[in-house]
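Working notes for the structure below.
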Amino acid sequence: MWSGPPQPDQGLPPPLAAVPVPWKSTDPCQGHRESPGALVETSAGEEAQGQEGPAAAQLDVLRLRSSSMEIREKGSEFLKEELHRAQKELKLKDEECERLSKVREQLEQELEELTASLFEEAHKMVREANMKQAASEKQLREARGKVDTILFAEFQAWRESPTLDKTCPFLERVYREDVGPCLDFTMQELSALVRAAVEDNTLTIEPVASQTLPAVKVAEVDCSSTNTCALSGLTRTCRHRIRLGDSKSHYYISPSSRARITAVCNFFTYIRYIQQGLVRQDAEPMFWEIMRLRKEMSLAKLGFFPQEA
């Protein structure tokens, strides 16, 4: 029975404090009541997990940021190196292009200078050729003027009455200056016979055949040998031989001797044509043809003759 508020008793312990009693779970899945210790441990674990979770996440973020920055730095360095390499290659290409451009300009300049030089040289050669031609024509006119006064006058006098008499002034000059020296060989006896046969038009020149015909000796020279010229007496390869008139004897002659005889025969053949009236030209063309034949005799007596002679 309650008899009013309690009175404090002296000397007695204080009354027990009220201890909270946990609520009984109303969760139908929980078939037992949790103990106060379990509740305390769970609360402490959750609190610890709550404190560790943000720190770990922050650390991971920092690591990711650090890796990303490192990747960006390495990528930036790689790109810088590539850019530097590309710039260097581009610079080298620019220098090469500049060098090639200078080379091309130099070649173009040299080509222009060479072209101009060639044109100048060509014009110079043309001018020199024209000057030489004019000088030659002048000399020819002067020579013709001089020739007209001497040789041409002698030829015109002979042409009015052509003859083979070598005492006339025209033929006497040709005999003295060309025919005589051209037919003057070392073997004098045979030379005289050859000269007479040429004047009489009875000399025959033929190539050496494989069959050797009878030959004669003149001035102790073996004329039957194809290695000795019967006119010069020199050891030469003789590819031709001559026959005088109707004689059956042959004389082997060298190419040089044949060229000299042929040049004289050509001259006599032409003046015979003029004498017979077979050459129908004016006096001047005839005269220059005779001068050409005299030139051939002069060259032949000096030893100049075609290789096929």
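Using a 4.0 Å cut-off between a side-chain N of Lys or Arg and a carboxylate O of Asp or Glu, E96 and R99 qualify as a salt bridge. A salt bridge links R292 with E296: the closest approach of a Lys/Arg side-chain nitrogen to an acidic carboxylate oxygen falls below 4.0 angstrom. A salt bridge is defined here as a Lys NZ or Arg NE, NH1 or NH2 lying under 4.0 Å from an Asp or Glu carboxylate O, and R243 with E206 fails to meet this definition. Under the 4.0 Å criterion applied to side-chain N and carboxylate O atoms, E89 and R85 are not assigned as salt-bridge partners.
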Q: Please test Y270 against Q275 for side-chain hydrogen bond (donor to acceptor under 3.5 Å, both in side chains), starting from the C-alpha separation and ending with a verdict.
A: CA-CA 9 Å; Y270 188 70; Q275 183 191 26; over 6 Å; no

Discussion item. Would I261 and H240 count as a side-chain contact (heavy atoms from CB on, under 4.5 Å) here? Give the steps.
Written reply: CA-CA 12 Å; I261 296 173; H240 293 82; over 6 Å; no

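Scanning both residues, K166 and E199, for their nearest heavy atoms gives NZ-OE2, 3.9 Å. Of all non-hydrogen atoms in P162 and R159, the two that sit nearest each other are CD-O, 3.3 Å. Taking both residues in full, the closest heavy atoms of L293 and N266 are given as CD1-O, 4.0 Å, listed atom of the first, atom of the second, then distance. The two residues L190 and A230 make their nearest non-hydrogen contact at CD2-O, 3.5 Å.
Classified by interplanar angle (parallel below 30°, tilted 30° to 60°, perpendicular above 60°), the ring pair Y175/F268 is perpendicular. Taking the six-membered ring for Trp and thresholds of 30 and 60 degrees, F287 and F152 have ring planes more than 60 degrees apart, a perpendicular arrangement.
Cation-pi contact between R272 and F267: absent, since separation from the ring centre below 6.0 Å together with deviation from the ring axis within 45° is not met.
Considering only residues two or more places apart in sequence or on other chains, E81 meets the side chain to side chain donor-acceptor pair (under 3.5 Å) condition with none of them. Applying the side chain to side chain donor-acceptor pair (under 3.5 Å) rule to T167 yields the partners D165; only residues at least two apart in sequence or on another chain are considered.
Once rounded to the nearest 0.5 Å, the distance linking CD of E172 with CD of E154 reads 8.5 Å.
Within a 6.0 Å radius of CD in E82, other residues, nucleotides and ligands contribute more than 12 heavy atoms.
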